[in-house]
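See structure below.
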Amino acid sequence: MGIYLNPDNEGFWRAVRSEIYVDKTGMIAFTNRYLNTEQQYICVSRPRRFGKSMALNMLAAYYSRGCDSRELFAGRCIEKEESFAEYLNKYDVILLNMQQFLIEAENESMISYLEQEVLEELFEAYGEVFKRQDLGLAAALRRIYAKTKKKFIFLIDEWDCVMRERKKSEEMQRKYLDFLRNLFKDQIYVALVYMTGILPVKKYGEHSALNMFLEYSMTDQDVFEEYTGFTHTEVEVLCQQFDMDFTETRNWYDGYMFTKYQHVYNPRSVVGAMSCHKFSNFWTSTEVYDALKIYMDMDFDGLRAAIVQMMGGGRVRVNTRSFCNDMRNFTVKDDVLTLLVHLGYLAYDSERKEAFIPNKEILEEFENAMSTGGWQEVMRVLKASDRLLEDTLAGKESSVAAGLDQAHIEVASILSYNNEDSLSSAIGLAYYSARKDYRMIRELPAGRGFADIVFLPLPHTRKPALVIELEYNKSADTAIQQIKSRQYTKALEGYCGEVLLVGISYEKGCAGKRHSCRIERLAVE
């Protein structure tokens with residue numbers, strides 16, 4: 001039992017005895033499947049506080065010869081799998097936190113320091129196998145395998161810390177990647193490598209130095225979707241257990257989506273909300289890496305418009321393939337947006353190839369970043385949104401139209417009204433403050449079509465629902481009639497109470513007042 005070689009199960013023991021523990025041991029069935037196969041190189045990247053270290057502690061507890069973890073896994077999902085007993089505590093495990101080595105090496109080479117630390121433990125365990133202590137780590141592991149036929153499982157945390165914290169040092173990055181490639185690629189002593197960090201594997205030119213890795217990132221988690229965050233069902237159970245409102249929990253922390261699991265929640269934030277019994281910003285308050293504002297303010301054509309569109313509840317098509325998987329080399333706005341997906345500030349729909357702001361918690365962080373300068377026009381719209389909502393709830397049609405005209409003037413230099421989609425984003429931005437008490441839904445399937453924007457009140461608010469229909473170069477009366485004829489209010493299944501039908505039109509090329517508004521009230525039983 002050592003620090004790096006064959007660690008104990010202390011980390012996983014702390015996790016399972018915590019007040020809130022969600023069983024993710026089913027993930028082990030997939031790593032067991034990949035043991036000693038062509039798929040044995042796994043790189044799983046996720047944002048901070050998405051359970052990466054806990055997953056590594058779980059894998060270490062399961063595979064390491066340095067402990068007996070049968071009791072810890074008793075009753076867990078993995079215990080039902082056929083492979084459970086076959087690999088339980090049967091492997092030599094090397095667990096490395098690269099962040100630790102980067103910090104502790106100081107002026108010494110990080111790679112030399114890492115090898116020195118790990119080789120010391122290897123020599124203690126296998127000193128009879130190799131007498132020379134001047135061997136490199138890969139050479140020593142080859143010697144051990146040649147004499148014992150024992151293979152190793154490598155668990156690597158914060159693998160990308162060099163790319164993030166030494167972003168200007170291309171030479172250090174290259175040496176680090178060469179070290180990892182030599183340590184893992186085509187080495188007979190490797191049974192499995194599970195590597196995790198925020199960024200996918202760094203690219204150089206057309207090829208990756210670590211091209212043997214299968215990558216599972218926030219743009220495509222594939223078989224690891226269920227283990228990326230908390231699922232819809234898991235959060236429902238927690239809300240019942242801690243007497244927390246599920247609808248509001250969803251509004252605050254849901255929004256990350258993948259192919260099979262369309263609702264994935266930020267685990268750190270859900271745990272914080274359940275533990276403190278309140279809804280707040282729990283995830284972004286832990287940030288220590290580059291501020292969101294640095295990336296928002298980058299001078300790429302279309303970036304500001306994309307951010308404003310997403311602030312209004314819209315989506316932006318993103319090409320994620322040009323991103324170099326680092327935090328320095330950006331060539332187009334899509335590279336910046338892809339980085340924000342990996343950092344967790346944006347969610348990504350891989351089928352539609354669109355990025356969007358996932359939830360209220362992240363939306364607040366964008367607002368905070370805008371408030372420090374450079375986004376004055378948008379901030380004026382956000383500050384005016386309280387009054388716009390008040391006027392809407394009071395049925396003041398002319399005041400609403402005037403408020404929308406002013407909002408359009410403010411953002412016209414950033415967001416153009418080219419079609420109903422951009423109009424919808426602008427209206428969503430103008431009603432920004434409504435998201436304090438409402439869940440905003442764009443393009444909600446309803447009746448015979450899709451309602452443009454629906455604001456569903458959160459349970460505690462006692463406010464009416466809003467069904468907003470937008471018309472481009474048509475009348476507001478036409479918008480109201482469309483809500484009725486296509487029965488959009490049928491989308492409010494399970495809702496009982498007052499509903500405001502809000503028809504908004506925008507006339508392109510019209511001098512002066514461009515927006516008009518009609519508001520009608522009805523009751524849904």
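Computed from a predicted model, the values in this text were never measured in an experiment. Side chains included, hydrogens not; waters and symmetry mates left out as well; all remaining heavy atoms used.
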Which value, rounded to the nearest 0.5 Å, describes the distance between Ser83 atom OG and Arg33 atom CZ? 9.0 Å

Applying salt bridge (Lys or Arg N to Asp or Glu O under 4.0 Å) to Arg250 and not counting sequence neighbours gives Asp254

How about Tyr348 and Phe258: are their ring centres within less than 6.0 Å of each other? no

Consider only side-chain N and O atoms of Tyr34 and Gln40, and report whether a donor and an acceptor are under 3.5 Å apart. no

Taking the six-membered ring of Trp375, is NZ or CZ of Arg380 closer than 6.0 Å to its centre and within 45° of its axis? no

To the nearest 0.5 Å, how far apart are OG in Ser269 and CZ in Arg49? 10.5 Å

Checking Phe73 against Phe12 for the ring pair (Phe, Tyr, Trp, His ring centres under 6.0 Å) test, could you report, in this order, the C-alpha distance in whole Å, the side-chain angles of both residues, the deciding distance, and whether it holds? CA-CA 10 Å; Phe73 286 99; Phe12 187 57; 4.9 Å; yes

Please examine the side chains of Arg76 and Val16, heavy atoms only from C-beta on, and report whether any two atoms are closer than 4.5 Å. yes

Under the rule for side chain to side chain donor-acceptor pair (under 3.5 Å), what residues qualify as partners of Lys353, not counting sequence neighbours? none

May I have the step-by-step check of side-chain hydrogen bond (donor to acceptor under 3.5 Å, both in side chains) for Glu226 and Tyr261, ending in yes or no? CA-CA 7 Å; Glu226 182 180 356; Tyr261 288 85; 3.2 Å; yes

Taking side chain to side chain donor-acceptor pair (under 3.5 Å) as the test, write out the residues that go with Ser371, two or more places apart. none

Heavy-atom check, side chain of Phe366 versus side chain of Ile357, under 4.5 Å: yes

Measuring from Asn57:CG to Leu155:CG, what's the distance to the nearest 0.5 Å? 9.0 Å

Is Lys90 atom NZ crowded by more than 12 heavy atoms from other residues, nucleotides or ligands, each under 6.0 Å away? yes

Between the side chain of Tyr41 and the main-chain N/O of Asn211, is any donor-acceptor distance below 3.5 Å? no

Could you tell me whether Asn36 atom CG has more than 12 heavy atoms of other residues or ligands within 6.0 Å of it? yes

So which pairs with a foot in residues 7-30 pass salt bridge (Lys or Arg N to Asp or Glu O under 4.0 Å), sequence neighbours left out? Glu10-Arg14, Lys24-Glu234

If every non-hydrogen atom of Glu215 is compared with every non-hydrogen atom of Pro200, which pair is closest and at what distance? OE1-CB, 2.9 Å

Pairs meeting criterion salt bridge (Lys or Arg N to Asp or Glu O under 4.0 Å) with involvement of residues 151-163, two or more places apart: Arg48-Glu158, Glu158-Arg164, Asp160-Arg164

Is there a donor-acceptor pair under 3.5 Å between the side chain of Asn329 and the backbone N or O of Cys324? no

Say whether, by atom type as modelled, one donor and one acceptor occur between the side chain of Ser350 and the main chain of Asp220 under 3.5 angstrom. no

Please report the interatomic distance CE(Met110) to CE(Met172), rounded to the nearest 0.5 Å. 6.0 Å

Test side-chain hydrogen bond (donor to acceptor under 3.5 Å, both in side chains) on Lys293 and Asn368; report intermediate values, then the result. CA-CA 9 Å; Lys293 182 172 173 55; Asn368 291 337; over 6 Å; no

With sequence neighbours left out, the residues meeting side chain to side chain donor-acceptor pair (under 3.5 Å) with Arg65 are Asp92

Using a 4.5 Å cut-off on heavy atoms from C-beta on, say whether the side chain of Tyr432 contacts that of Val378. no

Restricting to ring pair (Phe, Tyr, Trp, His ring centres under 6.0 Å), what partner residues turn up for His232, sequence neighbours left out? Phe246, His263, Tyr265

So, does Glu225 use its side chain to make a donor-acceptor pair with the main chain of Gln221 at under 3.5 Å? no

Side chain to side chain contact (heavy atoms under 4.5 Å, CB included), that's the test. Do Lys52 and Val44 meet it? Break it down for me. CA-CA 8 Å; Lys52 298 187 297 297; Val44 178; over 6 Å; no

For a salt bridge (Lys or Arg N to Asp or Glu O under 4.0 Å) check, start with the C-alpha distance between Arg181 and Asp178, then their side-chain angles and the critical distance, and finish with the verdict. CA-CA 5 Å; Arg181 178 174 56 188; Asp178 286 342; 2.7 Å; yes

Distance-only, no hydrogens or angles: does the Asp334 side chain make a donor-acceptor pair with backbone N or O of Phe323 under 3.5 Å? no

Any chance the side chains of Ser322 and Asp335 put a donor and an acceptor closer than 3.5 Å? yes

Would you call the rings of Phe101 and Tyr4 parallel, tilted or perpendicular, taking 30° and 60° as the class edges? tilted

Applying salt bridge (Lys or Arg N to Asp or Glu O under 4.0 Å), which residue pairs with at least one partner in residues 105-129 are found, sequence neighbours left out? none

The single option from Ile198, Leu177, Val201 that satisfies side chain to side chain contact (heavy atoms under 4.5 Å, CB included) with Met163 is Leu177

When rounded to the nearest 0.5 angstrom, what is the spacing between CZ in Arg142 and CG in Leu137? 10.0 Å

Results of side chain to side chain donor-acceptor pair (under 3.5 Å) for Gln376 - residues two or more places apart only: none

Going from NZ on Lys333 to OG1 on Thr331, what distance comes out if it is rounded to the nearest 0.5 angstrom? 11.5 Å

Partners meeting ring pair (Phe, Tyr, Trp, His ring centres under 6.0 Å) with Phe184 (sequence neighbours left out): Phe154

Just by distance, no angles: are the side chains of Tyr62 and Asn32 close enough, under 3.5 Å, to form a donor-acceptor pair? yes

Test item: Trp159 side-chain N/O and Leu199 main-chain N/O as donor-acceptor pair under 3.5 Å: yes

Using atom types as modelled and distance alone, determine if a side-chain donor or acceptor of Gln187 lies under 3.5 Å from a backbone N or O of Ala138. no

So, does Asn359 use its side chain to make a donor-acceptor pair with the main chain of Ile362 at under 3.5 Å? yes

Determine the minimum heavy-atom distance between Ser217 and Ser45, stating which atoms define it. CB-OG, 3.2 Å

Taking atom CZ as the centre, does Arg442 end up with more than 12 heavy-atom neighbours from other residues, nucleotides or ligands that are less than 6.0 angstrom away? yes

Within-4.5 Å side-chain heavy-atom neighbours: Ile153 and Thr31: no

Using modelled atom types only, decide if a donor and an acceptor are shared between the side chain of Ser169 and the backbone of Arg166 within a distance under 3.5 Å. no

Report the relative orientation of the aromatic rings in Tyr253 and Phe282; use parallel for angles under 30°, tilted for 30 to 60°, perpendicular for over 60°. tilted

All ring pair (Phe, Tyr, Trp, His ring centres under 6.0 Å) counterparts of Phe123, not counting sequence neighbours: Phe130

Keeping Ser18 on the side-chain end and Ala15 on the backbone end, is there a donor-acceptor pair under 3.5 Å? yes

Of Phe230, Phe50, Trp283, the one forming a ring pair (Phe, Tyr, Trp, His ring centres under 6.0 Å) with Tyr256 is Phe50

What residues, two or more places apart in sequence or in another chain, satisfy ring pair (Phe, Tyr, Trp, His ring centres under 6.0 Å) together with Phe224? Tyr216

What about the rings of Tyr345 and Tyr295, do their centers lie closer together than 6.0 Å? no

